[in-house]
Amino acid sequence: MDDTLVSIITPSYNTARFVGGTIRSVLAQTYRNWELIIVDDGSQDETDAAVAEFTASDSRIRYLKNERNSGAAYSRNRALREAKGRWIAFLDSDDLWSPEKLERQIQFMTERGLTFSYTEYEEIDESGTPTGVLVSGPRRIRRGGFWNYCWAGCLTVMYDAKALGTIQIYEIAKNNDYAMWLKITDRAECELLAENLAQYRRGRTGSVSSHGISTMLKWHYRLFRDAEGQSVPRAFFNTLRNIFFGVWKKLRYVKNTAR
């Protein structure tokens with residue numbers, strides 16, 4: 001394991017329009033010692049060609065393809081098994097990082113002796129235009145706090161694999177990033193770096209943010225019931241608890257400067 005290397009975990013599926021921008025945001029990082037592990041899940045568009053443009057010129061970018069469409073959880077698990085770095089970061093193939101994201105987060109974690117952290121982020125629309133929405137969260141999240149809600153945006157999370165080991169999660173269809181944070185908080189608390197260092201593309205067709213409330217509730221229930229192995233009453237209770245704290249997050253931690 002390379003103690004200074006960041007392994008960036010990026011599942012991809014039909015994001016040919018966006019993955020180039022995602023990769024360029026990694027190439028622009030002020031912290032240079034990274035590997036980008038992209039695992040494609042059987043894309044039917046031009047994702048292969050879009051990524052090939054970059055793998056041909058930069059050996060830090062690794063492109064793997066699943067034999068069949070297996071879901072984002074499978075892709076993330078596979079990328080995590082391939083990772084060689086101490087620091088594990090997550091970036092979906094339609095999201096973006098600010099240039100100093102890795103440098104600032106590693107500095108924050110090193111100075112404070114942290115093994116698990118996340119940052120603030122802003123939302124952009126499908127075309128990449130900022131919407132004026134800034135998302136933050138609690139300063140410190142213990143395991144009980146993650147039962148309440150998935151506070152950390154996937155594109156902002158980093159953890160120390162040297163301290164916490166390789167994480168593998170139950171392969172649920174959705175909310176698999178949430179399942180991963182619950183797994184990590186078995187071993188560590190999560191702290192917030194209160195800086196906006198990432199851009200989340202909201203509302204893209206097929207993305208989580210484009211689905212309705214009833215669908216989201218079903219996914220939350222399956223997370224607690226299947227991935228966490230909870231009883232029916234407990235999974236139902238935690239799903240309802242997520243509704244409450246989801247409203248609380250919007251009131252307390254989401255700012256819309258465009259209003």
Side-chain angles (χ1 to χ4, degrees), residues 1-10 22-37 60 76 79-80 83-93 95-124 130 133-167 169 177-201 245 249 252-255 257:
M1 178 180 291
D2 185 335
D3 278 0
T4 63
L5 180 67
V6 180
S7 295
I8 304 164
I9 308 303
T10 302
T22 299
I23 295 171
R24 280 188 285 273
S25 79
V26 174
L27 291 169
Q29 291 298 300
T30 56
Y31 190 91
R32 306 298 297 168
N33 191 21
W34 50 261
E35 61 173 354
L36 174 59
I37 307 171
R60 295 175 297 176
R76 287 193 175 105
L80 286 164
K84 300 175 182 177
R86 171 183 178 181
W87 305 102
I88 306 294
F90 298 84
L91 180 63
D92 284 351
S93 55
D95 295 331
L96 306 169
W97 280 345
S98 299
E100 68 279 10
K101 194 267 185 186
L102 292 180
E103 181 177 12
R104 290 289 301 123
Q105 197 161 9
I106 291 173
Q107 180 184 23
F108 173 71
M109 294 178 70
T110 302
E111 289 178 351
R112 298 176 65 88
L114 304 175
T115 57
F116 184 22
S117 74
Y118 73 117
T119 80
E120 296 176 340
Y121 66 90
E122 65 179 331
E123 293 182 357
I124 57 177
V133 174
L134 176 68
V135 182
S136 186
R139 185 181 66 84
R140 178 176 295 175
I141 313 171
R142 297 178 174 86
R143 182 165 173 80
F146 269 117
W147 286 124
N148 293 337
Y149 200 72
C150 182
W151 303 104
C154 184
L155 70 167
T156 75
V157 168
M158 182 182 289
Y159 76 86
D160 182 348
K162 184 175 182 179
L164 303 181
T166 300
I167 305 295
I169 58 170
D177 54 341
Y178 194 177
M180 190 164 294
W181 313 156
L182 289 172
K183 183 78 70 175
I184 296 172
T185 50
D186 280 338
R187 313 177 193 184
E189 295 180 357
C190 187
E191 289 201 20
L192 171 71
L193 170 57
E195 298 178 16
N196 173 21
L197 297 172
Q199 294 81 47
Y200 171 70
R201 196 180 305 272
F245 281 98
K249 178 179 179 177
R252 177 67 176 83
Y253 296 115
V254 178
K255 300 178 181 178
T257 60

Tyr253 vs Trp151, ring pair (Phe, Tyr, Trp, His ring centres under 6.0 Å): CA-CA, chis, key distance, verdict: CA-CA 9 Å; Tyr253 296 115; Trp151 303 104; 5.7 Å; yes
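- Results of the side chain to side chain contact (heavy atoms under 4.5 Å, CB included) test with Thr156 over Thr119, Leu193, Asp95 single out Thr119 as the only residue that passes.
- When atom types are taken as modelled, the side chain of Gln29 and the backbone of Ser98 share a donor-acceptor pair closer than 3.5 angstrom.
- Put simply, CD1 on Ile169 and NZ on Lys183 are 8.5 Å apart, with the number rounded to the nearest 0.5 Å.
- No side-chain heavy atom of Leu36 sits under 4.5 Å from any side-chain heavy atom of Arg60.
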Leu155 vs Asp92, side chain to side chain contact (heavy atoms under 4.5 Å, CB included): CA-CA, chis, key distance, verdict: CA-CA 6 Å; Leu155 70 167; Asp92 284 351; over 6 Å; no
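- Pairing each heavy atom of Ala152 with each of Trp181, the nearest pair is O-NE1, 3.3 Å.
- Closest approach of Ala161 to Gly85, counting heavy atoms only: CB-O, 4.0 Å.
- You'll find the side chain of Pro138 reaches within 4.5 Å of the side chain of Tyr118, heavy atoms only.
- Using a 4.5 Å heavy-atom cutoff, the side chains of Phe116 and Val157 are in contact.
- The shortest side-chain heavy-atom distance between Thr4 and Arg32 does not fall under the 4.5 Å cut-off.
- With hydrogens and angles disregarded, no donor-acceptor distance shorter than 3.5 Å links the side chain of Thr10 to the backbone of Ser93.
- Trp34 places a side-chain heavy atom less than 4.5 Å from the side chain of Leu27.
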Pair Glu100-Thr30, side chain to side chain donor-acceptor pair (under 3.5 Å): steps then yes or no: CA-CA 5 Å; Glu100 68 279 10; Thr30 56; over 6 Å; no
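- Side-chain contact between Phe90 and Asp177: absent, with no pair of heavy atoms (C-beta onward) separated by less than 4.5 Å.
- No side-chain heavy atom of Met158 sits under 4.5 Å from any side-chain heavy atom of Leu114.
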Verdict with supporting geometry, Asn33 and Trp87, side chain to side chain contact (heavy atoms under 4.5 Å, CB included): CA-CA 10 Å; Asn33 191 21; Trp87 305 102; over 6 Å; no
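- Ion pair Glu35/Lys84 not flagged as a salt bridge, since none of the NZ, NE, NH1 or NH2 atoms sits closer than 4.0 Å to an Asp/Glu carboxylate oxygen.
- With rounding to the nearest 0.5 angstrom, the CG atom of Leu91 is 8.0 Å from the NZ atom of Lys101.
- Here the closest heavy-atom approach between residue Thr115 and residue Ala188 is recorded as OG1-CB, 3.2 Å.
- Shown here for Thr22 and Leu96, the closest heavy-atom pair between the two residues is N-CD2, 3.8 Å.
- A 4.5 Å side-chain heavy-atom check between Tyr200 and Cys154 finds every atom pair outside the cut-off.
- Atom CZ of Arg140 sits about 11.5 Å away from atom CG of Leu192, to the nearest 0.5 Å.
- Across all their heavy atoms, Ala83 and Ile37 have their closest contact at CA-CD1, 3.7 Å.
- A distance of 13.0 Å separates OG1 of Thr185 from OH of Tyr159, quoted to the nearest 0.5 Å.
- Here the straight-line distance linking atom CZ of Arg104 with atom CD of Glu195 works out to 4.0 Å at 0.5 Å rounding.
- Distance check: Arg86 CZ to Asp160 CG gives 4.0 Å after rounding to the nearest 0.5 Å.
- For Lys249 against Val135, the heavy-atom pair with the smallest separation is CE-CG1, 3.6 Å.
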